[in-house]
Every structure is written in structure tokens, then in C-alpha cells.
Amino acid sequence: MNYNPRVETLGDFFCRDVHTKYMNKYDLMKKYSVVTVAAVLYAVGVGIFLNPNRLAPGGVSGLSMILKSLVPFKISLGTWILLLNIPILVVGKWEFGFRFLISTIYSIILSSVLIDWIPIIMNNPKISENLMLNAVMGGAIMGSAMGIMFRMETTTGGSDILVKIIRQYRPDVKSGQIFLLVDGLVLILSVIAFRRIEIALFSGIAIYVSSVLLNKTLYGSDESVLFYIISKKSEELVKELLEKENAGVTILDAKGAYFGKRTEMIFCVVRKIHFAKVKQLMKQIDPKAFVIVMKAEQVFGEGFQDPLKPEK
């Protein structure tokens with residue numbers, strides 16, 4: 001095969017990746033529209049709720065707040081975030097390649113600019129003097145934004161990239177848990193920098209809320225409920241579960257240890273949103289059924305998460 005060497009521009013490289021990965025312009029526009037909304041949310045969480053109250057949210061944003069307050073040079077928070085992201089982006093390019101960083105660079109620049117500009121546009125508003133309210137709202141908005149970006153296979157840079165690197169080697173550990181560990185180190189630095197334990201404690205609340213919302217955004221749709229059911233009306237119950245709830249049902253052979261009688265055990269997994277309906281169904285058909293309910297955080301297979309799709 002003949003190859004005509006030429007200099008490939010960034011635009012050519014980007015378009016080639018787009019056709020390979022996203023197949024059409026609609027998917028590309030959809031991705032960047034969602035990333036843009038997430039970047040705006042991230043900027044609101046940090047710029048409106050956290051930064052005005054010195055609530056360091058961990059990661060590069062928190063570290064940038066600390067440096068902004070300690071360094072005598074007048075450098076904006078958004079600029080600090082951009083500067084600190086440069087070495088992390090270099091590591092990210094080495095680990096994931098440049099294609100991964102295209103959307104990440106976009107989200108970093110956009111969110112950093114908005115973190116500086118949104119407070120100016122809104123005339124430096126301070127929603128409330130209540131630190132708890134600011135910590136919860138700021139953490140919730142920021143965590144949701146990061147979760148959305150992770151679902152779009154991009155990040156806000158900073159510790160997000162470090163988390164993805166760690167998950168390359170430890171995929172069993174959830175992203176929110178790693179964020180708690182990394183952000184905890186920044187929290188300790190904020191205690192030293194601001195010399196107010198109260199501020200650090202509320203920053204810790206913001207970090208916790210952020211990690212919870214991150215996990216909910218990433219894994220919430222995959223949370224399911226597992227039922228083990230022993231019922232004298234198992235046939236009727238199975239029929240109703242299949243027809244009304246479209247649930248996956250497996251019948252297991254079981255034997256009672258006390259009387260030695262053989263019976264059937266229904267094994268059923270449904271999404272969490274259907275839990276109340278299934279519970280009500282069992283109550284109607286056989287209120288005396290013996291039921292064990294367990295939380296299934298992730299389920300792979302038909303009707304649930306694709307086992308071949310990499311986790312974020």
C-alpha cells in the first residue's frame with residue numbers, strides 16, 4: 001500500500017479521530033454540548049459556592065485556591081488551575097494519548113475561564129453566608145459535573161486525570177473513593193494555609209458530597225436490587241415478575257435444613273427504581289413469602305451493563 005507522507009495538522013488529527021470514534025457529526029456535537037453544560041456547572045459550583053467562602057474542594061481547584069491565597073502575585077483562580085494542569089496533561093498524554101486529551105483540554109480551558117468570569121458577570125454574588133449550604137450545594141454541583149464529564153469520556157483535568165490513571169491499574173476501586181483520598185491531602189493543606197479548622201471541616205463536607213454525587217452520576221443507573229424469594233406461590237410470582245415487571249428470573253433448587261424438604265428459590269435482579277413495585281407485587285401474591293433483599297451495585301449482562309464496555 002502506497003503512503004503519501006504529509007504534515008498532519010491538528011484539525012486533520014482531530015477530524016480523523018472524530019470519524020474513528022464518533023462516526024458522525026451529530027454524536028460529536030452531542031458530546032461537546034454535554035461537556036459544555038458540565039463545564040458551566042463545574043464553574044458555578046467552584047466559582048459561586050466554594051471559592052468565595054474559601055472552601056477548598058480538593059484536587060487542582062482546591063490547591064489553586066490555597067496558592068491564590070498564599071502567593072503574593074495577583075493571579076486569578078482560573079489561571080492557577082490552567083497552570084497546575086499543564087504538567088498533569090503531559091502525564092495524561094503519555095498515559096492515554098493525545099486523542100483523550102482533546103476534549104479534556106477543551107473542558108479545562110472553558111471551566112477555568114468561566115470560574116473567573118461567572119462571578120464577574122453575576123456581580124460577585126454570594127448566595128449565602130451559611131457555610132453548610134455553600135459546601136453542600138457547591139460539592140453537589142461540582143461532583144455532578146465531574147460525573148457527567150466522566151460519562152462523556154473526558155475530565156476537568158487535574159486530579160480527574162490522576163484518578164483515571166490509578167483506575168487503569170486498580171479498576172476495582174471506584175472513582176469517588178480515589179477522589180476522597182487525593183482530596184483529603186489537599187484538605188490537610190487547606191488547614192495549614194487558611195488556619196481555620198471550621199473552614200477545613202466544611203471543605204471536607206463539600207468533598208464528601210462531591211464524591212457521592214460523582215458516584216451517583218457514574219454508577220447510579222447501574223445500581224440494582226437482588227431478591228432471594230422462597231414462596232409457596234412461586235409459579236404465580238414468577239409469572240407476574242416476567243409479565244408485569246419484565247424482570248430476569250432464575251429458579252434455584254433449595255432444601256430446608258430443618259425439615260429437609262425440597263423447595264424452589266426465586267433469584268431475581270431488578271433495577272433499583274423498580275424495587276417498590278416488586279415489593280408490592282410480592283405482598284399482593286404471597287405476604288408470607290420469605291424474602292432476602294440485597295444491594296447489587298453493578299450488574300453485567302443482558303438488560304444491564306455491557307460487560308465489554310470499560311468502566312469510567
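Values in this document were obtained by computation on a predicted structure and should not be read as measured data. Heads up: numbering here begins at 1 and tracks the sequence.
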Which pair of non-hydrogen atoms, one from [X] and one from [Y], has the smallest distance, and what is that distance?
X	Y	value
Leu213	Thr217	O-OG1, 2.7 Å
Cys268	Val270	SG-CG1, 3.9 Å
Val35	Ser107	CG1-CB, 3.9 Å

*Just jot down the side chain to side chain contact (heavy atoms under 4.5 Å, CB included) partners of Val212, sequence neighbours excluded, or say none.*
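Result, side chain to side chain contact (heavy atoms under 4.5 Å, CB included) vs Val212: Tyr208, Lys216.
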[atom1]-[atom2] distance between [X] and [Y], expressed to the nearest 0.5 angstrom:
X	Y	atom1	atom2	result
Thr104	Ile109	OG1	CD1	11.0 Å
Leu133	Phe202	CG	CZ	10.5 Å
Gln284	Met282	CD	CE	11.0 Å
Ser211	Leu181	OG	CG	11.5 Å
Ser231	Leu237	OG	CG	5.5 Å
Ile81	Ser64	CD1	OG	4.5 Å

*Test side chain to side chain contact (heavy atoms under 4.5 Å, CB included) applied to Ile251 and Ser234, step by step*: CA-CA 9 Å; Ile251 298 177; Ser234 58; over 6 Å; no
Could you check if a side-chain atom of [X] sits within less than 4.5 angstrom of a side-chain atom of [Y], using non-hydrogen atoms only?
X	Y	answer
Ile205	Leu201	no
Leu89	Ile108	yes
Trp80	Val71	yes
Phe227	Val291	yes

Do any side-chain atoms of residues 139-149 form donor-acceptor pairs under 3.5 angstrom with protein atoms, and if so which ones, sequence neighbours left out?
{"unit_1": "Ser144", "atom_1": "OG", "unit_2": "Ala140", "atom_2": "O", "d": "2.8"}

ILVMFWY network linking [X] to [Y], side-chain heavy atoms under 4.5 angstrom:
X	Y	result
Ile75	Leu63	yes
Leu185	Leu189	no
Ile292	Leu226	yes
Met294	Phe290	yes
Trp117	Ile115	yes

*Under the 3.5 angstrom rule, does the side chain of Lys233 hit a backbone N or O of Asp286 as a donor-acceptor pair?*
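Checking the backbone N and O of Asp286 against the side chain of Lys233, no donor-acceptor pair under 3.5 Å is found.
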*Are any side-chain N or O atoms of Ser111 and backbone N or O atoms of Ala43, one a donor and one an acceptor, separated by less than 3.5 Å?*
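Answer holds: no.
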*Could you note down all residue pairs passing salt bridge (charged side-chain N to carboxylate O under 4.0 Å, His left out) where residues 191-200 supplies at least one of them, sequence neighbours left out?*
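Listed by first then second residue: Arg196-Glu198.
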*Which residue pairs satisfy the salt bridge (charged side-chain N to carboxylate O under 4.0 Å, His left out) criterion with at least one member in residues 129-148, sequence neighbours excluded?*
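Sorted result for residues 129-148: Lys126-Glu129.
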_Under a 3.5 Å threshold, yes or no: a donor from one side chain and an acceptor from the other, between Tyr42 and Ser61?_
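Tyr42 vs Ser61: donor-acceptor pair found between side chains.
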*Please report the C-alpha distance between Lys31 and Ser103 in whole Å, then the side-chain angles of each, then the deciding distance to 0.1 Å, and finally whether the side chain to side chain contact (heavy atoms under 4.5 Å, CB included) criterion is met.*
CA-CA 9 Å; Lys31 172 178 178 173; Ser103 57; 3.6 Å; yes
*asked:* Before you tell me yes or no, could you show the steps for Ile207 and Val186 under side chain to side chain contact (heavy atoms under 4.5 Å, CB included), namely the whole-Å CA-CA distance, both residues' side-chain angles and the distance that decides it to 0.1 Å?
replied: CA-CA 10 Å; Ile207 292 172; Val186 177; over 6 Å; no
*Please list, chain by chain and in numerical order, all residues satisfying ring-ring contact (aromatic ring centres under 6.0 Å, His included) with Tyr228, sequence neighbours excluded.*
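By the ring-ring contact (aromatic ring centres under 6.0 Å, His included) rule, Tyr228 matches Phe267.
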Do any side-chain atoms of residues 45-60 form donor-acceptor pairs under 3.5 angstrom with protein atoms, and if so which ones, sequence neighbours left out?
{"unit_1": "Asn53", "atom_1": "ND2", "unit_2": "Phe49", "atom_2": "O", "d": "2.8"}
{"unit_1": "Asn53", "atom_1": "ND2", "unit_2": "Asn134", "atom_2": "OD1", "d": "3.4"}

